Every structure is written in structure tokens, then in C-alpha cells.
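Let me begin by presenting the structure, written as C-alpha cells, before commenting on it.
All figures in this text were calculated on a predicted structure; none of them were measured in a lab.
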Number of protein chains: 2
Amino acid sequence: MATRTRRSQRRTEALSRAGIVEAAVELLDGAGEGGLTFRALAERLATGPGAIYWHVANKGELLDAATDAVVAAALAVEPAESPGSPRDEIRVVALGLFDAIEEHPWLAAQLSTHLSRSPWGSVTPRIFESVGRQVPALGVPQDGWFTTTSALVHYILGAAGQNAANSASAGALGAGVGRTEFLDSVAKAWEALDPDEYPFTRAVADQLRDHDDREQFLAGIDLVLAGVTAHPPSGD
Amino acid sequence: MATRTRRSQRRTEALSRAGIVEAAVELLDGAGEGGLTFRALAERLATGPGAIYWHVANKGELLDAATDAVVAAALAVEPAESPGSPRDEIRVVALGLFDAIEEHPWLAAQLSTHLSRSPWGSVTPRIFESVGRQVPALGVPQDGWFTTTSALVHYILGAAGQNAANSASAGALGAGVGRTEFLDSVAKAWEALDPDEYPFTRAVADQLRDHDDREQFLAGIDLVLAGVTAHPPSGD
DNA sequence: ACCTGAACACCGTTCAAGT
DNA sequence: ACCTGAACACCGTTCAAGT
């Protein structure tokens, strides 16, 4: 919902926090974390740098707000759909975050650093709730809920962040360079490592070259879920 | 090995890349990522900002070098010790990284962003090798090695990063505020969430309050390992 | 109440000049 | 070969002044 509020031709209809955050996300998407500047933001909003400070305390708060907006959108799935099994629901939430990070690569750093810089903020509970809601139905005893959910969230954020960085690298290599060429160049580098120090890494270079990000990501989720089923954690 | 090279009383004995990186780590440890400045670094090394550029291409390369130095130290365990089971070895490696991130909180953001910004660099293979080396002995078929190791590394980086942020938050709250007070304040915030939207998060607020970081971290590792044992991944 | 825009302190990086 | 330090372009943030 809400796709209007398109900035019209020339002057804006008054500044708003929501509009500022929206413009900030666009700048971040377009030019990465370095692209978000109060001056660039002001120009895009046809105002002066100082004006933004009336709606937002500082750059940190702006980044937090941008993060929250994007995460909220990613987790806003239809509530009364066909429910699906708990595992499927967790996969849906995880993939939602995975896709959001792929679409907004700056999210990865934001989630891993600033997210828990203020866990009382809205982002952490949002993610925690979406994942954890499914955990009781997995057969985990109540005193293992926190541990289980934490493990899932940690894996999701770690893996999604890693993949975002990979995508960003591929793009940064050059305009025409795709994931395939990028992975191939990394695999070549791995194969050139010292055989005495890096036997394992060399041995899996081919698997790196051929892997699919999403498949890999889901396989990891399944791994954690398999562990939950095999040995449900309890808080002893 | 090598704990000398202490900068003596006044002038330095010529600049070196290693000395610059060492000073950079100290600045990062002392004041976070914002504390690393070419001017501050130059002052600490009793030189001018320009001098550093003769040994280091730019700030990004400096951060990468600092990251690599710290990670290499963390993974440099005694090679010919009592070998231990593969699970124990993985726990040792994981805890080594966990501790390193706790000691150098700036590492978390570095690992999640810049690490894979250049996976051909030395940091990724180092971590990958240390963890993956134990995977074959876990009974995973060869075509599942990459998937398994990736899942473990992703969990480790995600969880360690999260915990680093928690520690940093506790410290930032105030000089005298410890982890206990910090966790308590977050738990209180969770308990104050909307019961309709956040039933699960509210239900585990107590478990958040009482949890131990390292215990939790290891429980997550065991969860992934249990999944590996229960359903060894294969690359189909 | 909300916006403007100059000003301040600071930063990464460059580079002519020194030794 | 290696270091110095002034200079450039840029940034977050503040704030007196406007409407």
C-alpha cells in the first residue's frame, strides 16, 4: 500500500519525516552508504541541509529510520494467507529479509551494527517476532524459544549480509560483469592459494563457483531447522 | 609471538606498514571506527598525514589490513595440540572469533561488509579454512562441504556480530552500566511492546534478560552441528 | 512552527617541496 | 626512497535570521 507521494515536478508540499526517509532510502539504494549526504538529501528535497534537522535528530537516526522502513516493508506479508507449516513460514520470512538485503545492500551493515546498537528500537523486535512466532509450533520446549530464535536470526542475518556483499562486489567489478564472472574470479583466487595452508578452501573452490545463493541460503536454514528438530534446545 | 615493537619514548624508528596497522588497531579499539583518522594516526606515529599514504593506499586498505591482522591472530591456535574431536575444534575456532569480535567490536561491521567486498582477500579464506577443515571428519559427503561450511561461518559471523553490538551498547549506555543493567533495560522495552503484535517477543523477554552470551553462542553452534549430523547436506 | 543558508570544525586525499 | 605539511573538496552539524 501507498505508492504515491511521488515528488512532483518542482517544489515539495512541505517536508515530512516520511518523505525524508523515503528519499534517504533512494539515495542509499543508488549510491550506497556513502551516497547518503545531508547536502545530497537536501538537494533532492529542494531545501537546505539545515531543514532536515528539524525532522531528524542526526544521521544515525536517519539511518535507523531508513532501516526500519525497509525491514518493515520486507516483513509485511499478507497475514491471513494459507498458513503453511512453521518451517515454510520461517523460510518465507527469511527469504523476505534475504531479498530485502539483496535489493538494499547497505542494509547488511546496518543490521549487523546499528540494529543491535539499539535493540530497544523497532527493528530487532520486528525480526525476532516474525521468526520466533513459528518456533513454538516446531516442538521446541518453552525454555528453548529464545535460544532457537536467536540462532535462526543470527544465521539469517549473517548469511544474507554475506550474500549482499557478494552481489555488491560483482556490481562494483564493472558494469557488465555478472555474478558468474565474479564467482569465477574468486574461485580462481582460491585455487591459487598455498596447498599446504589452504587444502580445504582449494578443494571447495569448484563448489563456490557453481553454487546458487538462494539455494545455499535455504539449505542453511534447513540445516538449522534440522538441528532444532533433532535436538530441541532447552534453557538448562 | 612478537609482542615487542613497542613504540618507544619519542621519535619512531622509521614508519612501517606493520607499525601503521598496529597503531590503527589501537585507535579502533580505543574509539571505534570513528576513532581511526589519518590525522589521529599521524599524531600517534609522530608524523604527518601524508606520510601514511606512502605505505597504505587509502583508508579502506588500512581497515582491511587491520581486520586481517586481528583475524589472523585470533585463528592462530597452537597447531600440534591435543587434536580433539571435529566438533570441539570447530567450537575452538568459533570462540576464537567470538572473543576477537568482543575485544574489537569494530570487527563485526568489517567482517560483514568489507570481508566479502573482497573475498579474494586473505580474511575470508582464513576463516573458511579454519572452520571447513573439520567438516569432512563430521561425516558430510564431499559435495556438501561448501554448503555446510558456509552455514557455519554465516552463523558464527552473524551471532558474534550481534553480541559485539550488545556489548558495545552496554558500554555506550554509561561508564558504570554493565551487561546486566543493559539486558534488563532491553527486556523491559520488550515487555512493553504491543501484546497483539509482539506476543512471542514479550514471552521471551525473561529469557533475554537471563541469557549468557557465550553459552547462547555455543548452543547455536551445536544446533547447526546437530543439523549437520541429522541431515548431512549434499550438493544436489 | 518550519525553513534558509552561511559558518564551523573536521575529514580523506593530493602533491609540491624537502631530506 | 621516504617524509612533511599546506591545500582542496567534502562532510555533519549548528544557528541566527527569516517566514
Could you state the [atom1]-[atom2] distance from [X] to [N], rounded to the nearest angstrom?
| X | N | atom1 | atom2 | answer |
| --- | --- | --- | --- | --- |
| B/Tyr53 | C/dA17 | OH | C1' | 19 Å |
| B/Lys59 | C/dC10 | NZ | P | 15 Å |
| A/Leu27 | D/dC11 | CG | P | 11 Å |
| A/Phe38 | C/dG5 | CZ | P | 18 Å |
| A/Leu15 | C/dC3 | CG | C1' | 8 Å |
| B/Glu43 | C/dC10 | CD | P | 12 Å |
| A/Leu36 | D/dT13 | CG | P | 11 Å |

Exercise. Once the angle between the rings of A/Phe217 and A/Tyr155 is folded into 0 to 90°, is it parallel (under 30°), tilted (30 to 60°) or perpendicular (over 60°)?
Worked result: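 Taking A/Tyr155 first and then A/Phe217, their aromatic rings lie parallel (interplane angle under 30°).
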
For this session: Before giving the answer on side-chain contact (heavy atoms from CB on, under 4.5 Å), spell out for B/His104 and B/Gln110 the whole-Å C-alpha distance, their side-chain angles and the decisive distance to 0.1 Å.
Result: CA-CA 10 Å; B/His104 313 282; B/Gln110 216 53 29; over 6 Å; no

Problem set entry | Strand partner of D/dC10, provided both Watson-Crick or wobble distances fall under 3.5 Å |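 Looking at the geometry, D/dC10 pairs with no nucleotide.
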
Problem set entry | Base-pairing mate for D/dG18 - Watson-Crick or G-U, with both contacts under 3.5 Å |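 Base partner found: C/dC2.
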
Name the closest nucleotide to the [X] side chain, picking from [options].
| X | options | answer |
| --- | --- | --- |
| B/Trp54 | D/dA1, C/dT13, C/dC3 | D/dA1 |
| B/Pro49 | C/dC3, D/dG5, D/dT13 | D/dG5 |
| B/Thr37 | C/dG12, C/dC3, D/dC3 | C/dG12 |

Exercise. Do A/Tyr198 and B/Phe128 have side-chain heavy atoms sitting under 4.5 Å apart?
Worked result: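 Result no, sub-4.5 Å side-chain heavy-atom pair not found.
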
For this session: For A/Gly34 and for B/Arg39, locate the closest nucleotide of DNA chain D by heavy-atom distance; then report the residue assigned to the nucleotide nearer the 5' terminus.
Result: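 Looking at DNA chain D, the more 5' nearest nucleotide goes with B/Arg39.
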
Exercise. Using a cut-off of 4.0 Å on non-hydrogen atoms, how would the nucleic acid contact of B/Leu62 be classed: base, sugar-phosphate, or nothing?
Worked result: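 Since no nucleic acid heavy atom lies under 4.0 Å of B/Leu62, the category is nothing.
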
For this session: Name the nucleic acid region contacted by A/Ile52, choosing base, sugar-phosphate or nothing; use a 4.0 angstrom heavy-atom cut-off, strictly under.
Result: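 Nothing, no heavy atom under 4.0 Å.
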
For this session: I would like to know whether A/Glu215 and B/Thr147 meet side-chain contact (heavy atoms from CB on, under 4.5 Å); could you show each step before the answer?
Result: CA-CA 10 Å; A/Glu215 213 174 273; B/Thr147 296; over 6 Å; no

For this session: Look only at the side chain of A/Ser16 and the backbone of A/Gly19, and say whether a donor-acceptor pair between them is shorter than 3.5 Å.
Result: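 Yes, because the side chain of A/Ser16 sits within donor-acceptor range (under 3.5 Å) of the backbone of A/Gly19.
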
For this session: Could you say whether A/Gly48 or B/Gly50 is positioned toward the 5' end of DNA chain C, judged by the nucleotide with the nearest heavy atom to each?
Result: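 The answer here is A/Gly48.
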
